[in-house]
Asks: 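Would you mind keeping the following structure in view while I ask a few things?
Numbers here simply count residues along the sequence, with the first being 1. Just so we're clear, the structure is a prediction, and the values are computed from it rather than from any experiment.
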Amino acid sequence: MSDASPIREPDRIRQDAAHKLRSVEVSDHFQAILGCLLGEDWTTPRLIEMVITPDGHMLGRCEGEAAFKVFLGASEDLIKNIHGVAKVADLDGDEVGYLVAKVAEIKRQK
C-alpha cells in the first residue's frame with residue numbers, strides 16, 4: 001500500500017482481514033477464535049464471546065450456551081498466533097492492529 005491510500009473504516013479493515021484469513025488453513029480451534037474476533041460465522045458451534053481470566057487464560061462461550069465453558073488457551077499465545085497467521089495471510093498493519101485491538105478489548109472486560 002502506498003502512503004496515498006485512503007483511510008479505511010474499521011469495518012472495511014475487518015472485512016479485508018476476514019477475506020484474507022478465510023483462505024488460510026488453520027486449526028478449527030484457531031478458526032473459531034479468529035471468527036469470533038472478526039464477527040464471522042466460520043465454525044459450528046460458533047464461538048460468540050471470549051474472556052481472559054486474571055491469570056491470562058482465555059475462555060469462550062459458544063452460541064446457545066449461557067456460560068464460558070470452552071478453554072481456548074493462553075492469551076499471550078493468541079497474540080503470537082495472530083502475528084504468525086498475519087504473515088501467511090499477508091495482513092497489513094491495519095488488519096493486524098484490528099485483531100490485536102480486539103484481543104485488548106477482551107482483556108479490558110475483566
Side-chain angles (χ1 to χ4, degrees):
M1 263 195 204
S2 71
D3 290 340
S5 296
I7 294 174
R8 291 183 291 174
E9 292 297 320
D11 195 56
R12 181 78 241 169
I13 294 169
R14 182 195 68 76
Q15 290 171 14
D16 291 347
H19 178 74
K20 291 177 184 178
L21 287 166
R22 197 173 288 125
S23 62
V24 175
E25 210 169 297
V26 296
S27 69
D28 290 343
H29 182 91
F30 191 40
Q31 187 174 29
I33 292 169
L34 290 172
C36 184
L37 292 173
L38 292 165
E40 296 287 324
D41 189 2
W42 287 346
T43 55
T44 303
R46 180 179 174 200
L47 183 65
I48 57 170
E49 195 176 2
M50 296 184 288
V51 293
I52 297 175
T53 64
D55 60 355
H57 294 124
M58 293 188 331
L59 302 175
R61 184 171 72 84
C62 292
E63 203 165 40
E65 296 286 336
F68 290 87
K69 294 181 178 178
V70 181
F71 176 73
L72 300 170
S75 60
E76 63 194 34
D77 291 340
L78 177 56
I79 299 296
K80 289 178 202 159
N81 291 338
I82 286 171
H83 285 285
V85 78
K87 291 180 183 120
V88 176
D90 200 25
L91 298 185
D92 65 26
D94 288 343
E95 294 156 355
V96 173
Y98 181 91
L99 288 167
V100 171
K102 284 295 184 185
V103 175
E105 281 178 27
I106 296 166
K107 284 185 178 180
R108 285 195 298 271
Q109 291 173 7
K110 285 185 204 175

Asks: How far apart are the closest heavy atoms of Cys62 and Val70, and which atoms are they?
Replies: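 Result for this residue pair: SG-CG2, 3.8 Å.
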Asks: Flag yes if more than 12 heavy atoms outside His57 fall under 6.0 Å of its NE2 atom; otherwise flag no.
Replies: yes
Asks: Working to the nearest 0.5 Å, report the span between CZ of Phe30 and CG of Leu37.
Replies: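 Reported value, rounded in 0.5 Å steps: 8.0 Å.
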Asks: Which atoms form the tightest heavy-atom contact between Asp16 and Glu95, and what is the distance?
Replies: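 Answer, listing the atom of Asp16 first, then Glu95: CB-OE2, 3.2 Å.
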Asks: Inspect the contact between Lys102 and Glu105 and indicate whether a charged nitrogen and a carboxylate oxygen are less than 4.0 angstrom apart.
Replies: yes
Asks: Considering non-hydrogen atoms only, spot the tightest contact between Ile48 and Cys36 and give its length.
Replies: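 Of all heavy-atom pairs spanning Ile48 and Cys36, the closest is C-SG, 3.7 Å.
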Asks: State, to 0.1 Å, how close Arg46 and Gly39 come at their nearest heavy-atom pair, and which atoms those are.
Replies: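 Scanning both residues completely, I find the closest heavy atoms to be NH2-O, 3.7 Å.
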Asks: Does the side-chain contact (heavy atoms from CB on, under 4.5 Å) test come out yes or no for Met50 and Ile33, once each step is laid out?
Replies: CA-CA 8 Å; Met50 296 184 288; Ile33 292 169; 4.0 Å; yes
Asks: Are Phe68 and Leu47 connected in a single hydrophobic cluster, I mean Ile/Leu/Val/Met/Phe/Trp/Tyr linked by side-chain heavy atoms less than 4.5 Å apart?
Replies: no
Asks: What closest approach, in Å, do Gln31 and Trp42 show between heavy atoms, and which atom pair accounts for it?
Replies: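 Residues Gln31 and Trp42, closest heavy atoms: O-CE3, 3.7 Å.
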Asks: Between Val51 and Ile79, is there a shared hydrophobic cluster once you connect ILVMFWY residues whose side-chain heavy atoms come closer than 4.5 Å?
Replies: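 Shared cluster, no.
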Asks: Does Arg61 reach the main-chain N or O of Glu49 with its side chain, forming a donor-acceptor pair under 3.5 Å?
Replies: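 Looks like no, no N/O pair under 3.5 Å.
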Asks: Can you tell me how far apart CG (Leu21) and CG (Leu91) are? Round to the nearest 0.5 Å.
Replies: 4.5 Å
Asks: Whether Arg14 and Asp94 form a salt bridge (side-chain N of Lys/Arg under 4.0 Å from carboxylate O of Asp/Glu) is what I want to check.
Replies: no
Asks: On a heavy-atom basis, which atom in Ile52 and which in Ser75 lie closest, and how many Å separate them?
Replies: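 For Ile52 versus Ser75, the nearest heavy atoms are CD1-CB, 3.7 Å.
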Asks: Evaluate side-chain contact (heavy atoms from CB on, under 4.5 Å) for Leu72 paired with Leu59, printing each intermediate quantity in order.
Replies: CA-CA 5 Å; Leu72 300 170; Leu59 302 175; 5.9 Å; no
Asks: To the closest 0.5 Å, what do you measure between CZ (Arg12) and CD1 (Ile7)?
Replies: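 Here the rounded value is 15.5 Å.
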Asks: Nearest 0.5 Å, please: how far is CD in Glu40 from CZ in Arg22?
Replies: 5.0 Å
Asks: Let me confirm one number: the CD1-NZ distance from Ile82 to Lys80, rounded to the nearest 0.5 Å.
Replies: 12.5 Å
Asks: Distance-only, no hydrogens or angles: does the Lys20 side chain make a donor-acceptor pair with backbone N or O of Asp90 under 3.5 Å?
Replies: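 Checking the backbone N and O of Asp90 against the side chain of Lys20, a donor-acceptor pair under 3.5 Å is found.
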Asks: How long is the gap from CG on Leu99 to CG on Asn81, to the nearest 0.5 Å?
Replies: 12.0 Å
